[in-house]
Amino acid sequence: MKLFIQSIRQTILWTIIAGVAYPLVMTGFAQLLFHKQANGSLIERNGQIVGSELIAQQFTGDKYFWPRPSAGSYATVPSGASNLGPTSQALQSNVTANATAFRTGNKLAADAPVPADMVFTSASGLDPHISPESARLQVARVAATRGIAEEQVGALVEKFVEPPQWGILGEARVNVLELNLALDELQPKKAEGSVLVKG
Amino acid sequence: MNANEVIQLFLYFGLLIGLTPPIGGFMARVFEGKRTLLSGILGPVEKWIYRLSGVKADEEMSWKRYFGAVLIFNVVGIIAVMALEMTQTWHPLTLNPQKFPNVPWALALNTAISFITNTNWQAYSGENTMSYLTQMAGLAVHNFLSAATGIAILVCFARGLKRATSKSLGSFWVDVTRTTLYVLLPFSVIVTIVLVSQGVVQNFKPYTDARLVEAYTTQVPKTDDRGQPVNGPDGKPVMVAQRVETQSIPSGPAASQIAIKQLGTNGGGFYGQNSAHPFENPTPFSNFVEMFGLIILAASLVYAFGTLVGDHRHAWVLFGVMLALLVGAFTLAWWAETRPNPVVGNVLPLLEGKEQRFGVMNSVLFGVATTGTSCGAVNSMHDSFTPLAGLAPLWNLMLGCIAFGGVGAGLYGIMMHVLIAVFIAGLMVGRTPEYLGKKVQAWEATWAVVAILIPNFLILIESAIACSAPAGLSSLNNQGPHGLSEIFYAYASCANNNGSAFAGLNANTNFYNLTLGATMFLGRFGVAFAVLAIAGGFAAKKTISVSQGTLPTNGLTFACVLFGVILIVAALTFFPAMCLGPIVEHGLMLAGRVF
């Protein structure tokens with residue numbers, strides 16, 4: 001009985017310390033020191049929140065760079081992965097379909113290799129990045145659709161290539177949403193395109 | 001293998017070995033009740049906690065009472081978490097801004113047991129199920145307390161070895177309080193700040209609706225007035241086009257929970273996709289911190305144990321064996337995951353279920369470290385690993401998550417193997433086996449065997465039931481041998497309180513919620529009982545001095561015997577199952593077979 005009462009008191013105390021005080025104090029520090037990050041690294045354009053640096057958005061139009069395929073169709077609540085095993089028939093057909101779509105969309109040869117990140121779905125379903133190689137392969141399509149010189153779009157891509165962090169950690173990558181937003185800045189969109197921006 | 005990957009590995013293991021002695025030394029001082037750097041600030045808090053909870057700090061417990069405290073405290077915790085989960089409708093709006101409904105009882109029970117037992121198996125996604133209040137005041141609290149419970153049991157075990165002809169083994173309340181206050185909370189504060197700096201969210205805001213840069217149209221099932229799907233004449237749901245113009249961006253007090261999720265080897269994600277979610281693990285650096293966080297306290301505990309029992313060389317032998325197991329599993333997994341898979345046309349790197357910013361090496365290292373410890377957080381989907389790369393985490397689980405183990409739990413887990421090793425070696429040389437000055441007799445050997453067999457028994461029996469019950473098979477996401485691996489992985493993960501998953505398995509059914517819930521509970525408290533029973537047995541004995549017939553437990557010979565015992569026990573138990581799952585799948589994959 002004594003243990004039971006001590007258990008209840010300990011549980012209440014720790015709920016207050018670790019369950020209320022700790023997250024509140026941490027939120028205070030986080031908001032003070034890293035305001036932007038603590039609130040989801042949101043991106044504003046024309047006074048409107050258009051996304052988060054860290055969360056992928058679906059892009060299918062030819063004038064934008066495409067993100068990695070998402071098993072959860074880029075849903076955020078919740079997001080999801082395919083969880084398909086290495087001998088899954090569904091995985092096999094998805095990979096083939098994704099590769100074909102990427103080749104067709106970018107007018108690549110029928111046997112051109114497609115970077116792995118564009119045929120395999122990500123773990124979060126919201127991977128904001130693609131490999132630099134995948135970005136480069138999309139330059140011609142984006143440039144042609146927008147009527148901009150390939151060199152100009154290519155240079156923009158190179159500007160957005162992030163090397164491994166501090167030269168060591170992780171992999172090189174390109175943030176698709178940030179790149180696409182910069183792309184829209186590169187050439188102000190024509191009247192019919194602006195509908196999507198303003199909403 | 002490129003230079004960067006090798007540098008990252010050296011950095012990881014180098015820091016691990018380098019920081020283990022200072023942190024372990026600090027932890028030992030905390031467990032021994034000595035003053036530390038933080039005593040000035042936290043000392044008064046500690047005293048207040050004892051006063052308010054009616055605990056006398058010098059009131060010690062017998063091993064039975066210690067176990068009683070562990071059990072009652074944790075059952076109270078299960079009830080508290082369930083109460084929070086099942087009353088979400090009435091939580092204040094600021095702490096449940098998405099207005100999540102009450103969690104159904106079977107899922108609530110499963111989740112409560114899961115977080116209490118340090119398993120953190122999740123049959124739900126946090127971002128669409130749990131209110132902020134449930135996450136912070138329920139789940140996060142038990143991230144701390146379950147870790148502290150594991151460490152307390154280990155400290156109690158060390159006392160049993162150190163004390164002679166004694167009945168008392170310290171106070172569970174003091175061990176939990178000091179561990180949480182001086183070790184877990186301070187480290188969590190540091191890790192939280194680092195994670196937020198990298199982009200992990202920490203706020204109490206409702207989800208943000210962002211205006212999509214490129215709106216799109218998608219097909220969704222048509223619903224009637226009551227929200228029921230409408231079926232067409234052909235019996236299939238009628239699809240209608242829907243314009244999607246916004247994206248709901250999740251929020252919440254995530255960083256503070258993720259910090260302790262890693263440090264306490266809990267592993268229960270704030271978001272469903274765990275450390276693969278960009279808000280939970282946004283950069284390669286945050287990934288490094290999380291991978292390091294999930295192992296450093298577990299590794300440091302080995303050193304702390306050495307300090308407590310007064311034998312650092314023995315601690316380094318244990319450390320070495322654990323490290324060898326971990327590096328072995330990693331080597332296998334990394335090799336396997338960088339081979340081409342003919343099923344998908346030999347495309348490399350294999351990024352299915354992996355994030356671009358981490359790549360293959362960091363995904364495999366995380367996967368092996370998270371299962372070698374009992375963390376269970378994931379930054380990639382183990383279900384999509386190639387068969388042998390998926391075998392490595394499964395193997396880690398089947399060994400009982402002992403490299404370096406869950407905080408506390410891993411070390412007392414390997415202790416059971418140590419006792420078996422000492423016992424076998426003692427019998428071979430015809431002397432009474434001894435361990436650190438204590439005779440290992442029938443009582444200790446029996447309970448050590450029980451502790452090893454409980455999880456193994458649970459894994460094999462329950463997997464067999466799941467494989468033969470329609471309710472077990474209907475949850476599978478993959479067919480063929482991979483389906484067996486999914487079931488196996490689930491029970492191995494829960495019995496050893498790991499919590500990672502071959503996540504294709506739909507575990508949110510009553511069948512899995514209840515059987516896995518029972519598995520987690522028995523795996524945790526069955527083993528804890530056996531460990532404390534041994535601690536009680538040791539404490540009651542005299543300490544005998546080292547003689548010619550004593551097998552030294554601080555040399556290479558002992559390391560080899562221990563390594564052998566661990567491998568033989570696990571291999572004999574699980575080799576047939578491994579053959580039917582990952583090993584046969586590997587062969588089929590190379591032949592290009594699909595299911």
Side-chain angles (χ1 to χ4, degrees), chain A residues 3-4 6-11 13-15 18-19 22-23 26-27 30 34 37-41 48-52 54-55 57-59 61 64 76-79 81 83-89 92 95 116-117 119-120 122-124 126-129 164-165 168-171 173 196 199, chain B residues 7 49 53-54 68-69 72-73 76 80 125 127-128 136-137 141 144 192 196-197 199 201-203 210-216 248-249 253 256 272-273 276-278 282 284-285 288 341 343-344 347 349 351-357 359 380-381 383 386 477-478 482 503-504 588-589 594-595:
Chain A
L3 286 177
F4 182 64
Q6 286 171 328
S7 296
I8 291 177
R9 286 175 161 194
Q10 280 263 330
T11 304
L13 279 172
W14 287 117
T15 304
Y22 162 71
M26 286 298 101
T27 307
F34 304 105
Q37 291 95 318
N39 293 312
S41 309
Q48 193 164 47
I49 291 166
V50 293
S52 161
L54 297 172
I55 305 288
Q57 287 183 12
Q58 175 167 325
F59 285 100
Y64 285 117
T76 50
V77 189
S79 65
N83 280 307
L84 293 172
T87 53
S88 153
Q89 190 163 25
Q92 190 175 47
V95 165
D117 55 305
V119 301
F120 291 124
S122 63
S124 61
L126 300 172
D127 193 341
H129 300 111
Q165 206 167 4
I168 294 170
L169 298 176
E171 307 286 327
R173 59 208 185 276
L196 298 177
Chain B
I7 294 171
I49 291 171
S53 55
I72 294 170
F73 181 54
V76 167
S125 283
E127 63 267 42
N128 71 347
M136 62 190 255
V141 171
F144 283 98
T192 302
V196 174
S197 79
V201 297
Q202 177 75 18
N203 60 50
R211 174 81 34 192
L212 285 173
V213 175
E214 188 187 61
Y216 60 94
S248 179
I249 298 179
S256 57
Q273 294 310 102
H277 197 290
F285 178 57
F288 190 87
N341 175 358
V343 169
V344 292
V347 182
L351 287 175
E352 183 70 21
K354 297 190 186 70
E355 297 282 287
Q356 173 64 30
R357 61 193 178 285
S380 61
M381 296 303 119
D383 214 345
T386 52
N477 181 44
N478 285 282
H482 201 76
L588 291 166
M589 178 188 83
V594 291
F595 297 91

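What you see is a predicted model, and the numbers here were worked out from it, not measured in a lab. A, B, ... follow the sequence lines: proteins, then strands. Residue 1 opens every chain. Below, all heavy atoms of this structure are taken into account, side chains as well, without hydrogens, waters or symmetry copies.
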| field | Stepwise side-chain contact (heavy atoms from CB on, under 4.5 Å) test for B/Met381 and A/Leu84 | value | CA-CA 9 Å; B/Met381 296 303 119; A/Leu84 293 172; over 6 Å; no

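Between chain A and the residues B/Ala276, B/Pro284, B/Pro282, B/Ala503, the largest count of heavy-atom pairs under 4.5 Å involves B/Pro284. The choice from A/Ile8, A/Val119, A/Leu13 that makes the most heavy-atom pairs within less than 4.5 Å of chain B is A/Leu13. Between chain B and the residues A/Gly170, A/Ala116, A/Pro78, A/Ala18, the largest count of heavy-atom pairs under 4.5 Å involves A/Pro78.
In this structure, the portion of B/Ala80 lying under 4.5 Å from any heavy atom of chain A is its side chain and not its backbone. If you measure heavy-atom distances from B/Phe288 to chain A, the contacts under 4.5 Å come from the side chain alone. Of the two parts of A/Pro164, only the side chain, counted from C-beta on, holds a non-hydrogen atom closer than 4.5 Å to a non-hydrogen atom of chain B. If you measure heavy-atom distances from B/His277 to chain A, the contacts under 4.5 Å come from both the backbone and the side chain. Heavy atoms closer than 4.5 Å to chain A are found in both the backbone and the side chain of B/Asn128. Proximity to chain A is limited to the side chain of B/Asn478, based on heavy atoms less than 4.5 angstrom apart. For B/Tyr216, the part lying near chain A is the side chain, with the backbone staying farther off; criterion is any non-hydrogen pair under 4.5 Å. For a residue to count as touching a neighbouring chain, one of its non-hydrogen atoms must lie under 4.5 Å from one of that chain's; by this rule A/Val95 touches chain B with the side chain only.
For the atom pair A/Asn39 CG and B/Asn203 CG, the distance stands at 5.0 Å (nearest 0.5 Å).
The salt bridge (charged side-chain N to carboxylate O under 4.0 Å, His left out) search around B/Glu352 returns none, not counting sequence neighbours.
Using cut-offs of 30° and 60° for the angle between ring planes, the B/Phe144 and A/Tyr22 rings count as perpendicular.
For the residue pair B/Asp383 and B/His482, a side-chain donor N or O sits within less than 3.5 Å of a side-chain acceptor on the partner. Looking only at atom types and distance, the side chain of A/Gln10 has a donor-acceptor partner in the side chain of B/Ser53 under 3.5 Å away.
Judged purely by atom type and a 3.5 angstrom limit, B/Gln356 has no side-chain atom pairing as donor or acceptor with the backbone of A/Arg173.
Annotation for B/Gln273 and A/Ser79: closest pair CG-OG, 3.4 Å, computed over non-hydrogen atoms.
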